[in-house]
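A short worksheet on the structure shown next.
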Amino acid sequence: MGTLREAVLKNEGYKANDRLLEIPLPSKKVIYDIQHLNLWYGNTQALKDVNLAVNEKEVTAIIGPSGCGKSTYLKTLNRMVELVPDVRTTGTIMYRGKNIFDTSFKEEELRTWVGMVFQKPNPFPKSIYENIAYGPKIHGIRNKKLLDQIVERSLRSAYIWDEVKDRLHDNAYGLSGGQQQRLCIARCLAIEPDVILMDEPTSALDPKSTRKVEALIQELKKEFAIIIVTHNMQQAARISDRTAFFLNGEVVEYDKTGRIFSNPTDSRTEDYISGRFG
Ligand SMILES: Nc1ncnc2c1ncn2[C@@H]1O[C@H](COP(=O)(O)OP(=O)(O)O)[C@@H](O)[C@H]1O
Ligand SMILES: [Mg+2]
């Protein structure tokens, strides 16, 4: 198994019949390779031996009932979970070949590569323009022309430019919830991330705004890896390439989305997707 994994990581291909769920497609580059990840909050174990590989230019959905560790998993990927007192992790998270837990790994860099969008849109209490310019400014960009370009490009990429271009200096709180969420996505894009983590990004939105964000995710995956937690199984089926089903902190099954929803291997996955629990 180790050699097959290595072969895949070196893009040497593998036999179609080999069913190693954590193995990504050979033609894709692996962004995250998570191995034997365990996490405890105090004495409570929230993640149990999680093994998952995430590819670039794909949408990976994380599904599972409330409390199964989806948000914890996501926040581990950018080390945000370490802000919680009394957290302990074991295992490795390789990000483009480097273990993010290594002392030599620069956490600030990780934060520029890995953007995050939360359940509730959380714009800063500032203008639309400043919301986007904030990150680039922190990274030392002062040139007004350049900032203008970054703001426009980010808002265009998040499909909100036309709605806000005439009111860039108005407070972001004046936007609708759906617009605020796309603004938060634009804010991520401004720092040119590699991966965007999304924790139930549409659960506070109406159906129309949800569709807009879903369409946006389909566009964004042409350039970025998206890892999205969703409790909405239709959404996972609509927008993701791969789906991981979590239960009690464990990955029960991880596979191509079509397979998870049409022909899952584990009966617990079957029970969950057919609505028997959760
Ligand atoms: N900050 C925290 N401190 C202690 N326990 C936590 C904390 N956050 C989450 N947990 C616990 O970890 C488990 C997983 O939670 P979470 O990752 O939020 O699940 P999900 O996002 O799937 O609903 C739950 O049992 C939850 O109570
Ligand atoms: Mg959660």
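All ligand and atom numbering here is 1-based and tracks the order in the structure.
Looking at residues two or more places apart in sequence or on another chain, you find a salt bridge (Lys or Arg N to Asp or Glu O under 4.0 Å) between Glu107 and Arg79, Arg111. Residues satisfying the side-chain hydrogen bond (donor to acceptor under 3.5 Å, both in side chains) test with Ser240, not counting sequence neighbours, are Thr243, Thr257.
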Where does ligand 1 get N/O contacts under 3.5 Å from the protein, atom by atom?
| from | atom 1 | to | atom 2 | distance (Å) |
| --- | --- | --- | --- | --- |
| ligand 1 | 17 (O) | Thr72 | N | 2.9 |
| ligand 1 | 17 (O) | Thr72 | OG1 | 2.5 |
| ligand 1 | 19 (O) | Gly69 | N | 3.2 |
| ligand 1 | 21 (O) | Ser71 | N | 2.9 |
| ligand 1 | 21 (O) | Ser71 | OG | 2.8 |
| ligand 1 | 22 (O) | Cys68 | N | 3.2 |
| ligand 1 | 22 (O) | Gly69 | N | 3.1 |
| ligand 1 | 22 (O) | Lys70 | N | 2.9 |
| ligand 1 | 22 (O) | Lys70 | NZ | 2.9 |
| ligand 1 | 23 (O) | Gly67 | N | 2.7 |

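Under the 4.0 Å criterion applied to side-chain N and carboxylate O atoms, Glu253 and Arg259 are not assigned as salt-bridge partners.
A 6.0 Å sphere centred on NZ of Lys48 holds more than 12 heavy atoms belonging to other residues, nucleotides or ligands. Within a 6.0 Å sphere centred on CG of Asn143, heavy atoms belonging to other residues, nucleotides or ligands number more than 12. A 6.0 Å sphere centred on OH of Tyr159 holds no more than 12 heavy atoms belonging to other residues, nucleotides or ligands.
Taking 2.8 Å as the limit, the number of protein N, O or S atoms around the Mg ion (ligand 2) is 1.
Using modelled atom types, one finds no donor on one side chain facing an acceptor on the other under 3.5 Å when comparing Tyr32 with Thr60. A donor-acceptor pair shorter than 3.5 Å can be found between the side chains of Ser71 and Asp199.
Closest heavy-atom contact between Asn131 and Ala172: ND2-CB, 3.4 Å.
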